[in-house]
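The sequence lines fix the lettering, A, B, ..., with proteins before strands; numbering per chain opens at 1. Scope of the values below: all heavy atoms of this structure, side chains included, with no hydrogens, waters or symmetry mates.
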Amino acid sequence: MAAKLDRIFDSFSNKSLFENKFVLQTSYTPKNIPHRDKQIEQVAGILAPALRGERTSNLFVYGLTGTGKTLSVQYVADEMMNRAKKNSLNLKMQYLNCKLRKVSDTEYRILAELIRKLGGDIPSTGLPTEQVYNKFIDIIEGEKKLFILVLDEIDQAVKKISDGFLYNLTRLNSELNKSQISIIGISNDLNFLQNLDPRVKSSLSEEEIVFPPYNAIQLQEILKDRADKAFKEGVLEDGVIAKCAAYAAREHGDARRALDLLRISAELAEREEKNKVKIEYVDKANEKMDKDKIVDVVESAPKQFQLVLLSIMTLTDAKDSRIFTGEVYNVYHDLCARIKTEILTQRRISDIIAEMDMLGLINARVISKGRHGRTREIKLSIPEKVAGRIKNIMHESLGV
DNA sequence: CGAGATTCATGTGAAGTATACCTTTAGGCTTAA
DNA sequence: AAGCCTAAAGGTATACTTCACATGAATCTCGTA
């Protein structure tokens, strides 16, 4: 065993394909952002008044995942902060990703997280929401400043909560005396604005910028740029980058995905102690990414979700016809009885199934079976290759 | 035979409940002057 | 008297339950051709 480990460690330290892996990670902020010059200029143009101490317009940024929205905004923000520091302007920016699980569920949690990031302290529950607002205002009003709030994945937040939250935020300015606040909303959902309360819509999107997806060629350039820094000389086989770019271009030009693909391909190659990244590793990486995502969701899901999912999977195996809510509930019921867990009502299970549909674990749609009532028709949307693994995880965590 | 009426199995909304936290407040005890 | 601790009182959020009503097409009913 020890010898084997030695070998693994040796190969790891000696033959690493990476020069600097960090460059490929999502947290890395490159110095130049290719093909986004125009958007960056626009953002900068809109935010520039802040450097003169004026309030900036609220800004709304669209674009699919991995089109460089967050990166560009953060880039501009960083530059501005530098500038502001030099001119000793009291400018403050705060970035918040609304999608993080611990944050996303409620208005309360978003505000609480925001306050924590600003150095305040707020309990995780118990306070009236209004008091949390007051605390937030207190912090901002602490000293005179311009405050720019960047809300990433804002559509997620609104989907979970309501747009009342945004309404409150946009109105916040009228309650502020010394300071002023501007909001930058970043959204993946292009239709997001249309479903918004008109009042919110007009005040939030004083300015709008759209980030178009990258095409395959642009993706290749981005990848090459980073690959040069990330990898040692000549470890990439020809066409690896092209293939990563192609895969990602198929997924609406998602640069993040392209970079992940490249990194994971190389990691796989490294693990097999190869000294070159071959094209087939890209395929493997692609599969692995899908799989990891699902595993992640399932692992972090609450127990009752897992039980319901397990019921659905059992049913999928048992019969090849369509699956309905009632059947799932029966199986779930038995399962709970078997492992002595409390049994939730069918009403709740119905909601859980709807939520799992949102998570993309299953595919459920409401159908009417005429005389035989209305129900959801449920289909598992976990690939078979991953299903086994998922089942193991659940068996383990549930102790079935 | 075809237009309505009926029906089933569950979707869906609203309101209520239990639990887990949180702050505030008031009483009681300790402490220092 | 001031300070500190503790327990009770009064809030809220969240996950869930209960109740009640809404749905929508297969099936049934019945009048008519």
*Asks:* Name all pairs fulfilling the salt bridge (charged side-chain N to carboxylate O under 4.0 Å, His left out) condition that reach into residues 49-64 of chain A, sequence neighbours left out, sorted by first residue then second.
*Replies:*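 As it turns out, the salt bridge (charged side-chain N to carboxylate O under 4.0 Å, His left out) pairs with a partner in residues 49-64 of chain A, which skip direct neighbours, are A:Arg52-A:Glu54, A:Arg55-A:Glu206.
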*Asks:* Which pairs, protein N/O on one side and nucleotides 5-7 of chain B N/O on the other, fall under 3.5 Å?
*Replies:*
{"unit_1": "B:dT7", "atom_1": "O4'", "unit_2": "A:Arg371", "atom_2": "NE", "d": "3.1"}
{"unit_1": "B:dT7", "atom_1": "O4'", "unit_2": "A:Arg371", "atom_2": "NH2", "d": "3.2"}

*Asks:* Could you give the CZ-to-P distance, from A:Phe324 to B:dG11, as a whole number of Å?
*Replies:*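 My rounded result for the distance is 11 Å.
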*Asks:* Looking at residues at least two apart in the chain, or sitting in another chain, which of them share a side chain to side chain contact (heavy atoms under 4.5 Å, CB included) with A:Ile279?
*Replies:*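 A:Glu237, A:Val240, A:Lys243.
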*Asks:* Let me know the distance between CD of A:Glu342 and C1' of B:dT19, rounded to the nearest Å.
*Replies:*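 Answer to the nearest Å: 12 Å.
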*Asks:* Whole Å only: how far is the CG atom of A:Asp357 from the P atom of B:dG11?
*Replies:*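 To the nearest whole Å, that distance equals 12 Å.
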*Asks:* Roughly how many Å is it from CG in A:Asp351 to P in C:dT18, rounded to a whole number?
*Replies:*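 From A:Asp351 CG to C:dT18 P: 14 Å.
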*Asks:* Please tabulate, for the side chains in residues 208-218 of chain A, all donor-acceptor contacts under 3.5 angstrom to protein atoms that are two or more places apart in sequence or on a different chain.
*Replies:*
{"unit_1": "A:Glu208", "atom_1": "OE1", "unit_2": "A:Tyr62", "atom_2": "OH", "d": "3.4"}
{"unit_1": "A:Asn215", "atom_1": "OD1", "unit_2": "A:Ile217", "atom_2": "N", "d": "3.1"}
{"unit_1": "A:Asn215", "atom_1": "OD1", "unit_2": "A:Gln218", "atom_2": "N", "d": "2.8"}
{"unit_1": "A:Gln218", "atom_1": "OE1", "unit_2": "A:Asn215", "atom_2": "N", "d": "3.1"}

*Asks:* DNA chain C: A:Lys369 or A:Arg374, which has the more 5' nearest nucleotide?
*Replies:*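 Taking each residue's closest nucleotide, the earlier one in sequence belongs to A:Arg374.
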*Asks:* Would you give me the side-chain donor-acceptor pairs under 3.5 Å for residues 79-91 of chain A, sequence neighbours excluded?
*Replies:*
{"unit_1": "A:Asn90", "atom_1": "ND2", "unit_2": "A:Glu143", "atom_2": "OE1", "d": "3.2"}
{"unit_1": "A:Asn90", "atom_1": "ND2", "unit_2": "A:Lys144", "atom_2": "O", "d": "3.0"}

*Asks:* Of A:Gly373 and A:Arg376, whose closest DNA chain B nucleotide lies nearer the 5' terminus?
*Replies:*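 On the 5' side of the pair lies A:Gly373.
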*Asks:* Who passes ring pair (Phe, Tyr, Trp, His ring centres under 6.0 Å) against A:Tyr95, sequence neighbours left out?
*Replies:*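 Counting only residues at least two positions away or on another chain, A:Tyr95 forms no ring pair (Phe, Tyr, Trp, His ring centres under 6.0 Å).
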